[in-house]
Asks: 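Pasting a structure below so you can have a look.
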Amino acid sequence: SAVISQKPSRDICQRGTSLTIQCQVDSQVTMMFWYRQQPGQSLTLIATANQGSEATYESGFVIDKFPISRPNLTFSTLTVSNMSPEDSSIYLCSVGGVEQFFGPGTRLTVL
Amino acid sequence: GQSLEQPSEVTAVEGAIVQINCTYQTSGFYGLSWYQQHDGGAPTFLSYNALDGLEETGRFSSFLSRSDSYGYLLLQELQMKDSASYFCAVRDRAAGNKLTFGGGTRVLVKP
């Protein structure tokens, strides 16, 4: 199993600004995943973050908008850049194989 | 790409049995997972099927038919605490541990 923490748990931001979300895992992992979950919707994978290499982004998500860092095997950050109200979502990180473990999420509201 | 279909909502009474179906289309199917998510919470892993058949874990069971690209989650002896959203997700052989989630089924348990 894995225990994952995220910071911040929630934030309210103004449009045009950026927010960096932190994800900390209690054990070393090769891959970390970042998801977005819009209100009442399913989870959509944004990107996969590997330590020591650039993140792999899914269709519809680009590095300029969602830059990701992965400085070591227990930590990653996701930045939501130049935010608009459409970016209001819950952002979750996860780790694991067959069984994925999710962080508690960051609830972002953009005004 | 991958796509998954599941009903959007199911309502049942305490003690009843609910079956949530999931049909999928994927290019390199590896396995089908099920996750539970309570409002405001993170998704938590329930079960995983890589082979045809039924997997039973307590009150919850999951079934897979690879030839039919179909699976279901069976919730027995429903309890109020089972009110949550349930997501099926597929692992794609060509995409490592990446998961693609279905739209989710909201289960409402009534007294």
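A, B, ... follow the sequence lines: proteins, then strands. Residue 1 opens every chain.
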Asks: Under 4.5 Å from any heavy atom of chain B, what part of A:E99 do you find: side chain, backbone, both or neither?
Replies: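 It is both, since atoms from each part get that close.
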Asks: Of the non-hydrogen atoms in A:Y91 and A:Q6, which two are nearest, and what is the gap between them?
Replies: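 Nearest pair, atom of A:Y91 first, then A:Q6: O-NE2, 3.0 Å.
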Asks: Just give me the residue among B:G102, B:S33, B:G31 that pairs up with chain A most often, heavy atom to heavy atom, under 4.5 Å.
Replies: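 Counting heavy-atom pairs under 4.5 Å, the top option is B:G102.
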Asks: Is the ring centre of B:F63 less than 6.0 Å from the ring centre of B:Y72?
Replies: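 Yes: the rings meet the under 6.0 Å criterion.
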Asks: What pair of heavy atoms forms the shortest contact from A:Q38 to A:S89, and how long is it?
Replies: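 Scanning both residues, the minimum pair turns out to be CG-OG, 2.9 Å.
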Asks: Could you tell me which of B:G41, B:G103, B:A42, B:P43 has the largest number of non-hydrogen atom pairs under 4.5 Å with chain A?
Replies: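 Counting heavy-atom pairs under 4.5 Å, the top option is B:P43.
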Asks: Run the numbers on A:V62 and A:Y57 for side chain to side chain contact (heavy atoms under 4.5 Å, CB included), then give the verdict.
Replies: CA-CA 6 Å; A:V62 295; A:Y57 289 84; over 6 Å; no
Asks: At a heavy-atom separation under 4.5 Å, does A:L92 approach chain B through its side chain, its backbone, both, or neither?
Replies: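 For A:L92, side-chain heavy atoms alone lie under 4.5 Å from chain B.
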